[in-house]
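Below: the structure, in structure tokens.
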Number of protein chains: 2
Amino acid sequence: MKTRARPRSVSVRDELTDRIDRGLLTAGTRLPSEPALATELGVSRATLREALRTLEGEGLVRRMWGSGTYVAQGPRVANSLDVNFGVTDAIRAAGMQAGTEQARYWFEPASAGEAAQLKLQPGQDVLVVERVRTADGKPVVLSRDILPARLLAHHPEVADRMLQRSMYEVLEQELGVVIHHGIATFRPVRADITVARMLGIPRGELLLAIWQVDYAEDDVAVVSSHEYHLAEAFDFTVLRRGPGRRLQ
Amino acid sequence: MKTRARPRSVSVRDELTDRIDRGLLTAGTRLPSEPALATELGVSRATLREALRTLEGEGLVRRMWGSGTYVAQGPRVANSLDVNFGVTDAIRAAGMQAGTEQARYWFEPASAGEAAQLKLQPGQDVLVVERVRTADGKPVVLSRDILPARLLAHHPEVADRMLQRSMYEVLEQELGVVIHHGIATFRPVRADITVARMLGIPRGELLLAIWQVDYAEDDVAVVSSHEYHLAEAFDFTVLRRGPGRRLQ
DNA sequence: ACGGGGAAAGTTGTCTGACAAATACTACTG
DNA sequence: CAGTAGTATTTGTCAGACAACTTTCCCCGT
């Protein structure tokens, strides 16, 4: 509603990432010196340095004492598990068309495990959204998203829209809930009879099971997801930073 | 050798992360104000702010304009794929004892694929280190690490030490090569006869295959690894930031 | 002509002091 | 008791200066 008064250093950061993403600043090139860039952007050197520091943390630039600041010829990973949230993003990142089949939802009391993950009292209602996701029309993922029913207490009709659109989009745009981070655990599994039937594959087929809990900015658990991915559908990638940085 | 002249802000950052990790600063508590902390640590406020900015980028603290800086009640993930490099770390993070069996190495000309990953001319020599890693004595991972032979042109005896110790340790301490980041891709596979025999499991058993390329700070490819993890051995976890931050 | 050494210029790191903007707290008023 | 205005606290930003480090290039000796 009101124009979020955000620090100027954030605007500077966005401006610079924009220049890099648009190819205006190509990998390896040296940025103008800090005093020069600061005057060009109309901020003080201190503010510019704040922005540069974050960019360095994100791995977009490298600063070398006495030499200059350079655009990192960094990795730009397509389907990165740690940035591409949600199945929709993953499918699109692979260059395919994301779709949905056999979508349905229902309300039920939370099981003990679900209640613990979402920090609810056992027995409180949760909404379960079950979908088979398709890439170019072919079933690739079975997902079950579980969220506290109280989130849509005043907007029960929102559940319908979750069947077709990305859950994160709906949460943010219709309910004002912004996901801040999530913790995903995964392991290989074999398809049991239920999953196999829904994905239209033989029993025992190779799957990657991903179990994930997403949190809002204030560390409130919002969604607990279970996903079963076809092994051949797409590869997952993770950008690993470090090592060493903060181990011990 | 020489007293690494590292910026003071880095020392301050390490000091603060240390206090947080040791539980001296618990989650949710507010840090002293910037002027106070700066004098306590013996640096200027500007330097302290540099350190705080990186800590914020790493998600360890949250800064709120006009209110204060708070220790994030963030996730502290044990076996996180994006920070725990290497099998040794992963095994130790699971609270088990890391060991090695059937370790051997040899030199051979790089295949076309390996040459492309490591940016070598096809046919240039690479060192291949093959190991079966054990957790509490039980085989859990088969790993093959491939690196350019020129890295140890002047220290051929270093290869021996790679058989027992962590490859990252040896690279850093004996060859001065620091790994800056890596890109890991993974997918579920079934054990073929070769892998099954080495891990002592039946053919067709569930494995997680991880293929990874590690880079030095200047984006030179250093190691290409292939790993086969027993599915039941340990779960992998990824901390996902976002979504939204920098998509598009 | 060539190589090495060193001064000079350029760039990032740090310091100091001050003010602006946002938030938390407090006392006052209805 | 609730609401409000004012005050104190805290982070964000600014300005200028100097220190530490890197790169460049000129000069000198060989």
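Protein chains get the first letters and strands the later ones, always in sequence-line order, with residue 1 at the start of each.
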Under 4.0 Å protein heavy-atom contact, by nucleotide of nucleotides 5-17 of chain D - B base, S sugar-phosphate only: ----BBBBBB--B
Atom-pair distance (CZ on A:Arg62; P on C:dT11), nearest Å: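 Going from CZ in A:Arg62 over to P in C:dT11 covers 18 Å.
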Under 6.0 Å between ring centres: does that hold for A:Tyr215 and A:His181?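 Yes - the distance between ring centres of A:Tyr215 and A:His181 falls below the 6.0 Å cut-off.
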With B:Arg45 via salt bridge (Lys or Arg N to Asp or Glu O under 4.0 Å) - residues at least two apart: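 B:Arg45 satisfies salt bridge (Lys or Arg N to Asp or Glu O under 4.0 Å) with B:Glu34 only.
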Using modelled atom types and a 3.5 Å cut-off, is there a donor and acceptor pairing between side-chain atoms of A:Thr17 and backbone atoms of A:Arg13?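 Answer holds: yes.
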Run the side-chain donor-acceptor check on residues 113-123 of chain B: report pairs under 3.5 Å with partners two or more places apart or on a different chain.
from: B:Glu114; atom 1: OE1; to: B:Ser111; atom 2: N; distance (Å): 3.2
from: B:Gln117; atom 1: OE1; to: B:Trp211; atom 2: NE1; distance (Å): 3.3
from: B:Gln117; atom 1: OE1; to: B:Ser224; atom 2: OG; distance (Å): 2.7

Can you confirm whether the side chains of B:Asp89 and B:Tyr168 place a donor and an acceptor under 3.5 Å from each other?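 No pair is found: no donor N or O on one side chain lies under 3.5 Å from an acceptor on the other.
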